[in-house]
Amino acid sequence: MSGFGGFGGFVLRRAVGTVVTLLAISVIVYVVFYATPGNVAQITCGPRCSPEQVQQVAQQLRLDDPLYVRYGHFLQGLVAGQDYSTGTSVEHCPAPCLGLSYQTGQQVLDIILAKLPVSLSLVLGAMVMWLVLGVGTGVLSVWRRGRISERLLTAVTLAGTATPVFVIGLVLMIVVCGELQLLPFPQYVALTDDPEQWAWNLLLPWLSLALIEAAAFARLTRAAMLETLAEDHIRTFRAYGVGERSVVGRHALRGALAPVIALNANNVGSAVGGAVLTETLFGLPGIGQELVHAVNVVDLPVVVGMVLVIGFFVVIANAVADVLYAVADRRVVLA
C-alpha cells in the first residue's frame with residue numbers, strides 16, 4: 001500500500017505541476033503577443049477604415065482595457081466560455097474558448113480542431129517509423145558491435161542528428177518524387193475518406209520527420225543497451241549458457257525501454273510544434289501551416305491559441321513521460 005501511495009502521490013504532484021506550468025505558459029504567451037507594439041484594431045479593421053471604425057473595433061475587442069483585465073477575460077473564456085459582440089449580435093464561445101479570429105470571426109478552437117487531425121496524422125505516423133527505425137538501428141549496432149557495420153550505423157545516426165528536417169524533406173522529394181517518381185508529391189487525404197491514400201500521401205512526410213528523430217533513438221538505445229550489458233545479471237545469464245541473441249534482443253533491450261519510453265513521450269509533444277517545417281514543406285494543411293498564415297496576417301487570437309495548444313502537448317507529453325518512466329523502471333526515485 002505504501003508503494004502505491006508513493007506512486008499515487010508522485011502522479012498527483014506531476015498533475016499539479018502540469019496545471020501550474022500550463023497556467024504560467026498562458027500568462028507568458030498572452031503577455032508576449034498582446035504587449036507587443038502595433039495597432040491591433042487598425043490591422044483587424046483594415047487600411048481603409050476610418051478612425052471611428054477603428055475605435056469601434058477596439059471597443060468590440062476590448063483593446064482599451066488594461067492587459068491584465070484582458071487576460072482575466074481570456075482565462076475566464078478558457079474555464080467558463082465567453083460572449084463576444086459582433087456589432088449586430090452577440091456570439092457565445094463555449095469553454096474552452098480561445099477567442100475569435102480577427103480575420104474570419106471563427107472561433108479559434110474550431111480552427112485548431114479542423115487542422116489538428118492533419119498534424120496528429122503526421123506526428124503519430126512518424127512516431128511509429130522513428131521507433132522502428134531508431135530502436136532497430138540501436139539494437140543492430142549493439143549486436144554488430146566491434147565490426148565495420150557498427151561504425152557505419154554510428155556515422156549514419158550522427159549524420160541524421162545533424163541534418164535539418166527541411167533538407168531531408170527536399171532531398172526525398174527531389175529523388176523519390178522527381179527523379180525516381182516512386183511516389184506522388186504529397187497531397188493530404190483524410191483518413192476517413194480513403195485510408196490507403198491517406199497513408200500513401202503521408203509516407204514521405206513521415207519518413208522526413210522520422211529520420212531526424214530515429215537518429216536520437218538509435219543512439220539512446222545503443223547507449224542504454226551497452227550499459228545494461230555491463231551489469232552483473234547479464235554476466236549471470238551468459239554464465240548459465242543463455243544465447244547472445246536472447247541476451248541482446250530480450251534482456252538488454254528490456255533494460256533500455258525506460259529511457260526510450262521517456263524520450264518518445266517527450267518527442268511526440270515537441271514534434272507537434274516541430275511539424276511546422278514539415279507541414280510547410282509538403283503543403284500539409286495542419287497546425288503548422290495555419291500558424292505561419294496567422295503570423296503573416298497578424299491574427300493574434302489564432303497565434304496565441306495555437307501556441308498554447310502546442311505548449312499543452314509539450315507539457316502533457318513531458319508529464320506522461322515522467323509517469324511512464326517511473327512505471328517502466330521502478331528503481332526511479334518518485335520525488
Side-chain angles (χ1 to χ4, degrees), residues 14-15 17-36 71 74-75 77-79 93 95-104 106-128 130 164-166 169 188 202 205-206 208-210 212-213 216 262-324:
R14 285 293 179 269
T18 298
V19 172
V20 173
T21 303
L22 289 172
L23 184 61
I25 289 175
S26 71
V27 173
I28 294 171
V29 170
Y30 195 89
V31 170
V32 165
F33 283 102
Y34 282 96
T36 54
Y71 175 74
F74 176 76
L75 200 60
L78 289 177
V79 177
C93 179
C97 177
L98 295 171
L100 303 181
S101 167
Y102 287 165
Q103 299 295 319
T104 65
Q106 287 180 276
Q107 295 183 19
V108 173
L109 185 60
D110 291 342
I111 297 175
I112 294 174
L113 292 178
K115 304 295 183 180
L116 191 58
V118 182
S119 298
L120 290 181
S121 296
L122 172 63
V123 172
L124 296 180
M127 180 194 72
V128 175
W130 76 51
V165 64
F166 64 86
Y188 182 74
L202 283 174
W206 284 342
S208 300
L209 190 59
I212 300 294
E213 304 293 347
L263 179 62
N264 186 60
N266 288 329
N267 281 19
V268 168
S270 60
V272 174
V276 173
L277 286 175
T278 308
E279 291 177 4
T280 304
L281 178 64
F282 290 101
L284 301 177
I287 286 181
Q289 196 175 60
E290 184 64 29
L291 178 59
V292 172
H293 172 72
V295 170
N296 288 335
V297 299
V298 201
D299 198 345
L300 289 183
V302 177
V303 174
V304 171
M306 289 196 168
V307 171
L308 287 178
V309 168
I310 292 172
F312 171 82
F313 275 104
V314 172
V315 173
I316 294 298
N318 276 274
V320 171
D322 289 342
V323 175
L324 290 180

What donor-acceptor contacts under 3.5 angstrom involve side-chain atoms of residues 307-316, with partners at least two apart or in another chain?
none

Quick one: CG on L109 to CG on L100, what's the gap to the nearest 0.5 Å?
11.5 Å

Straight-line distance of L263 CG to E213 CD, nearest 0.5 Å:
7.5 Å

Rounding to 0.5 Å, atoms OG1 (T278) and CD (Q289) come to a distance of 12.0 Å

How close do P205 and L202 get, counting heavy atoms only, and between which atoms?
CD-O, 3.2 Å

For the SG atom of C93 and the CD atom of Q107, what is their distance to the nearest 0.5 Å?
4.0 Å

Kindly indicate, with the supporting measurements, whether the criterion side-chain contact (heavy atoms from CB on, under 4.5 Å) is fulfilled by L75 and V27.
CA-CA 9 Å; L75 200 60; V27 173; over 6 Å; no

Is there side-chain contact between S208 and F282, with at least one heavy-atom pair below 4.5 Å?
yes

Any side-chain heavy atom of V303 sitting closer than 4.5 Å to one from P301?
no

Show, in sequence, the C-alpha distance, side-chain angles and deciding distance for V268 and V123, and conclude whether the side-chain contact (heavy atoms from CB on, under 4.5 Å) test is met.
CA-CA 7 Å; V268 168; V123 172; 4.2 Å; yes

Closest approach of M306 and L291, non-hydrogen atoms and distance?
SD-N, 3.7 Å

Nearest 0.5 angstrom please: Y188 OH to L284 CG, how far?
8.5 Å

Classify the ring geometry of Y71 against Y30: parallel below 30°, tilted from 30° to 60°, perpendicular beyond 60°.
perpendicular

Between atom CH2 of W130 and atom CG of N264, what is the distance when rounded to the nearest 0.5 Å?
6.0 Å

What's the verdict on side-chain contact (heavy atoms from CB on, under 4.5 Å) for F74 and L98, showing C-alpha distance, side-chain angles and the deciding distance?
CA-CA 7 Å; F74 176 76; L98 295 171; 4.2 Å; yes

Which donor-acceptor pairs under 3.5 Å do side chains of residues 110-122 form with protein atoms, sequence neighbours excluded?
unit_1: S119; atom_1: OG; unit_2: E279; atom_2: OE2; d: 2.6
unit_1: S119; atom_1: OG; unit_2: I287; atom_2: N; d: 2.9
unit_1: S121; atom_1: OG; unit_2: P117; atom_2: O; d: 2.7
unit_1: S121; atom_1: OG; unit_2: W198; atom_2: NE1; d: 3.3

V32/I28 under side-chain contact (heavy atoms from CB on, under 4.5 Å): CA gap, chis, key distance, verdict:
CA-CA 6 Å; V32 165; I28 294 171; 4.1 Å; yes

Over all atoms of both residues, closest heavy-atom pair of A294 and V302:
CB-CG1, 3.6 Å

